[in-house]
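Everything quoted here is computed from the prediction, not taken from an experiment.
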Amino acid sequence: MRAASPVTLRPASARDLAAINAIVESCVMAWELPNRVKRLALSSYFYRPHDFDYMDILVALTTQDAIIGVAALEPPDPNELPPTRTALLLQGLYIDPDHQRQGVGKHLVDAARATARTNKLDGLLVKAQNDASGFFRRCGFTPLAVNAPEIDYANRWWLRA
């Protein structure tokens, strides 16, 4: 693991969309999926100006103010939560591949967790790609059971706020 570089966080705005979506694209194209699937799915992962109406989006910045990570939070579907729990859905977490394994993702997860606490919620819910499972486990998330495979996302993770 490379040494962590100094990172600051701030709320994103629509003027950040090009940088955010460039990071999303580099991450999606690195996923362990067939290239055709990645190309077809890519646009559905991009953020758009109206997303700011429904999500809290944070960006991680280098000391030179370059955006190197993004975390998007929104209210989850209550049916996806563990019984009697309240949470934020960590809808997206993307770190520029050149800055992965430097603590940027953990920094964003910690900020998301703090936001859940501030809002008096029980935790964070994540629906992740399979190849991100190790990261979420290292951050303290626990896997949620798949009770109904036809409706439950296969890689759901829970982190207590």
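- With sequence neighbours excluded, the residues that form a side-chain contact (heavy atoms from CB on, under 4.5 Å) with Ala161 are Ala116, Arg117.
- What you find for Leu89 and Pro75 is that their closest heavy atoms are CB-C, 4.5 Å.
- Rounding to the nearest 0.5 Å places CG of Leu17 at 8.0 Å from CG of Asp51.
- Taking 4.5 Å as the limit, some side-chain heavy atom of Leu33 sits within range of a side-chain heavy atom of Gln129.
- Tracing side-chain contacts under 4.5 Å through hydrophobic residues (I, L, V, M, F, W, Y), one never reaches Leu73 starting from Val59; they form parts of separate clusters.
- Remark: the backbone N or O of Asp98 is paired with a side-chain donor or acceptor of Asp96 at under 3.5 angstrom.
- Listed here is the closest heavy atom pair of Pro97 and Cys27: CD-SG, 4.4 Å.
- Across all non-hydrogen atoms, the minimal contact from Arg156 to Ala145 is NH2-O, 2.7 Å.
- Asp131 pairs by the salt bridge (charged side-chain N to carboxylate O under 4.0 Å, His left out) definition with nothing, not counting sequence neighbours.
- Looking at every heavy atom in both residues, Asp77 comes nearest to Asn79 through OD1-N, 2.8 Å.
- Hydrophobic clustering, defined by side-chain heavy atoms of Ile, Leu, Val, Met, Phe, Trp and Tyr closer than 4.5 Å, leaves Val146 isolated from every other such residue.
- Across all their heavy atoms, Pro76 and Leu81 have their closest contact at CG-CD2, 3.8 Å.
- Considering only residues two or more places apart in sequence or on other chains, Arg113 meets the salt bridge (charged side-chain N to carboxylate O under 4.0 Å, His left out) condition with none of them.
- For Pro82, the side-chain contact (heavy atoms from CB on, under 4.5 Å) criterion is met by Arg85, Leu144, Trp158, not counting sequence neighbours.
- When the side-chain contact (heavy atoms from CB on, under 4.5 Å) test is applied to Ala41, the partners found at least two apart in sequence or on another chain are Ser44, Tyr45.
- When the shell of 6.0 Å around CZ of Arg48 is examined, it contains more than 12 heavy atoms from other residues, nucleotides or ligands.
- Placement of Phe135 and Leu159 within a single hydrophobic cluster is found when ILVMFWY residues are connected by side-chain heavy-atom separations under 4.5 Å, directly or transitively.
- The list of ring-ring contact (aromatic ring centres under 6.0 Å, His included) pairs with a residue in residues 46-98, not counting sequence neighbours, is empty.
- Ala111 meets the side-chain contact (heavy atoms from CB on, under 4.5 Å) test with Leu9, Leu58; sequence neighbours excluded.
- Annotation: side chain of Val126 is not in contact with side chain of Val109 (no heavy-atom distance under 4.5 Å).
- A continuous path of hydrophobic side-chain contacts links Met55 to Ile20 [ILVMFWY only; heavy atoms under 4.5 Å].
- For the atom pair Asp110 CG and Thr115 OG1, the distance stands at 10.5 Å (nearest 0.5 Å).
- Partners of Glu80 according to the salt bridge (charged side-chain N to carboxylate O under 4.0 Å, His left out) rule, which considers only residues two or more places apart in sequence or in another chain, are Lys127.
- Grouping the Ile, Leu, Val, Met, Phe, Trp and Tyr side chains by contacts below 4.5 angstrom, directly or via other members, places Val37 with Val24.
- Asn155 approaches Ser133 most closely through the heavy-atom pair OD1-OG, 4.0 Å.
- Evaluation of the ring-ring contact (aromatic ring centres under 6.0 Å, His included) test over residues 102-125, restricted to residues two or more places apart or in two chains, returns none.
- For residues 10-34, the pairs satisfying salt bridge (Lys or Arg N to Asp or Glu O under 4.0 Å) are Arg10-Asp16, with sequence neighbours left out.
- Note on Leu124 and Trp157: same hydrophobic cluster, where clusters join Ile, Leu, Val, Met, Phe, Trp and Tyr whose side-chain heavy atoms are under 4.5 Å apart, directly or indirectly.
- Checked against salt bridge (charged side-chain N to carboxylate O under 4.0 Å, His left out), Lys38 has no partners two or more places apart in sequence or in another chain.
- Side-chain atoms of His99 and Thr62, non-hydrogen and from C-beta on, do get closer than 4.5 Å to each other.
- Between Leu90 and Phe136 there is a side-chain heavy-atom pair separated by less than 4.5 Å.
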